[in-house]
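We name chains A, B, ... by the order of the sequence lines, and we start the count at 1 in each one. From a predicted model like this one, the values you see are computed outputs, not experimental measurements.
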Amino acid sequence: MKIPNRIAMRVVPWSIPVLTLGIFVLDLLTPVGVAVSVLYVIPLLLTFLSSRERDPLDFSIVATGLLWADLFMKPAGLHIPYGVLNRTLGTLVLWLIALGLVKYKTTQSHLTSAETEKHKAMEELITERTERSHAEGLLTAAQEARAYAETAVTGAVASRQQAEASYVVIQLRLESLIQSAMDAIITIDEQQRVVMFNEAAERMFKRPAREAIGQPLDRFLPARFREAHRHHVPEFGRSGVTSRKMGQLGTVMGLRADGEEFPIEAAISHVTIEGKKFYTVILRDIAERKQAERLLRQSEERYRRLLTVSPLAIVVTRGDRVVFVNDAGIRLFKSVRASEIIGKRALELFPPDHDPAIHDRLHQLVEGSATIPLAEEKVVAVDGTILDVEMTATGFTDDEGPAMLLTFRDVSERRRLQEQLRRTERIAELGTLASGMAHEIGTPMNVILGRAEYLMDRIQDEQARKGLHTIVAQVERITRVMNQLLAFARRKPPLRGPLALKDVIENGVEMFQERLTQSRVRVEMELDDNCPAVLADADQMSQVLINLIMNAIHAMPDGGILRIGLAPAKKAVTLTVADTGQGMPAEVVNRIFEPFFTTKEFGKGTGLGLTVVKGIIEEHQGSITVESEQGKGTTFTILLPKSEKPSEGSK
Amino acid sequence: MVLVVEDDRDMRSLLCDELWSVGYQLREARDGDEAFLAVLQSVPDLILTDLRMPAGGAEYISRLRTAAPRCPIIVMTAFGDPATKAAVLQAGANAYFDKPVRVAELKICIQQLLIHHHGAPQSSA
């Protein structure tokens, strides 16, 4: 009541006269019948606030005067009985209120002074009592009581402090656990608003905790997941399950403050405290793991691809079965699909008639886990051909158990090339040897030949002349052999161009026409006009043909038919030279291309003709085969690769 | 006068016998150096020489040719190859024979070269 009192102190002294005067003026201006005088009640009530007890009565006297003065100041006023009645009633009301106010005020002031007196009396009493207590030596008792009270208070405080302390420890422990956790931990209330947000969560969502607290949880999810998630959490709350592990929810996406989305794994639990439900989610950023998984997958993919495209044939066996074969392996085994090899017994890859010792080792190899560095082996292709391979075998163990990694490299082609090279080298060596020998024997032969001829000119004796003649003939033969040998050894590199074999054949046959007629050999030619050109050296081809025709003539001492055929073949041209001569037994056929092998009568052949032929044909990447039947004849078949360009016409 | 150059004694003897029998005057040399010295002393009417012998070879032929620019040179070698033949002719030889040489052919060649270079056959044959 202090503030209204103060205002009253200031306002009342001047407001009452102003209000009263205002009401008087108002009353003067209004008609007689209107009870404006009732308004005097307001200033009257204000007097209640004044400190003096008599004020309401004083005001009532003034107000009554003004009330009636007003009536007399109005010209028509006195004649209206309403005006009198009106003012009488107004005066009555005013006085009644004023009396009431005065009475209440008086009572209050009496009461206040009585209280004050009572307080004073009590104080005096207390002082008196205290003095008396001291005097009576009640001090000790008071102290004891106080001590007891203090002890009780101290005990209570101590246990409370203890409780508080242990609570703090737990709180700290929990706090540090939550804050130092590697995983983001977020607690939300039933409205899904964040109430706790740990440091890992700050890092994960790139948002400080003070910003996150109070936010709805779905702020941390990409927009497309929000709706589903809003229903998801309360559902979990109702499910009765109190916790769910990471991964059970599947991978969900999180949203960082910078808008980046990332995959998370989440676990959720809920707890009810004082009737309120709280949910705690533990989140793990698996972006890195996902990335690592992706890289691993990529890298696996890459290595698998490398394995697949490796030029080295790779086969993996497990148990005794093939479980993997790469592209090069499929090609090596002349297969089309991996399925033709996968599932096979590993030993089936090798020839069954393998040397028993090697077979044993292979057995050990494919069934045990022996490792062999590099070895030459033979394998069987799907079509049954036997291939020379270099093989390595390495045992390894993976999560499916022991297995064997076999690598193969086809060395058949290399072998063939090596063989060819070796042959070329042998020929070159032969050439060097032949040249050296020729130089050495040239002069002695010349001496023998010259002396024989010298003597022949001077001796008349027929017997002696015949002997000398033989010497000359034999030297001539040696000379022939030497010349052929040298020709073979000194073969110049062929000058190859597109060549129409038809022309070569026709020219060659023409050259031998006289000789053929003499030997009673009839020539039948079957030359295909559409036969493509071959890439060959014309002189060498002539040499081949001459050699074969000569052979045929020698094979038919009693005459016969020489058939020469020329026909196109796949990517090649086939030239056949067949005679109807004596034919040859198999052992001769097998050695027919060997150098110095001859069946011809002593002195007639050099044994090099067919060797030269074969050499020339092989130099042209062609092939020559021979078939012979005793009593029926011999056929030589030559295959020469056709030229890409047509021949430049016949010579 | 024909200079016969040959390191093989039997071969040299055969050639001399043959050429002597048809009336040529002869001088002999056993290797390239002897032949060269002989030519420096007096240039013969014709040189018949082996190629593969001490101090022989195509270079030896060109030295002979330098020493005796107008003298016919016939070269013989055992189973010479086409490259050797070309080199020898390039070095200045007039004729080339592969051993074994037919002596009859050789005699004809000598006779022709002498006629061509000196206007008349020197032999009585």
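Of residues 96-105 of chain B, those residues with a non-hydrogen atom less than 4.5 Å from any non-hydrogen atom of chain A are, in numerical order, B/Lys99, B/Pro100, B/Val101, B/Arg102, B/Val103. Of residues 54-66 of chain B, not one residue has a non-hydrogen atom less than 4.5 Å from any non-hydrogen atom of chain A.
Pairing each heavy atom of B/Ala78 with each of A/His439, the nearest pair is O-ND1, 2.8 Å.
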Practice prompt. Show the numbers, then the answer: is there a side chain to side chain contact (heavy atoms under 4.5 Å, CB included) between B/Asp17 and A/Arg451?
Written response: CA-CA 10 Å; B/Asp17 284 356; A/Arg451 278 301 171 195; 2.8 Å; yes

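Atom CZ of A/Arg458 has more than 12 neighbouring heavy atoms from other residues, nucleotides or ligands inside a 6.0 Å radius. Taking a 6.0 Å sphere around NZ of B/Lys107, one finds it holds more than 12 heavy atoms contributed by other residues, nucleotides or ligands. Other residues, nucleotides and ligands contribute only 12 or fewer heavy atoms inside 6.0 Å of the CD atom of A/Gln463. For A/Glu587, the CD atom sits in a packed shell: over 12 heavy atoms of surrounding residues, nucleotides or ligands are nearer than 6.0 Å. Counting non-hydrogen atoms of other residues, nucleotides and ligands closer than 6.0 Å to NE2 of B/His117 gives a total above 12. Within 6.0 Å of atom CD in A/Gln418, more than 12 heavy atoms from other residues, nucleotides or ligands are found, so the atom counts as buried in its surroundings.
Annotation: the span from B/Asp10 atom CG to A/Ile448 atom CD1 amounts to 10.0 Å, rounded to 0.5 Å.
Contact check for A/Thr443 versus B/Glu6: side-chain heavy atoms found under the 4.5 Å cut-off.
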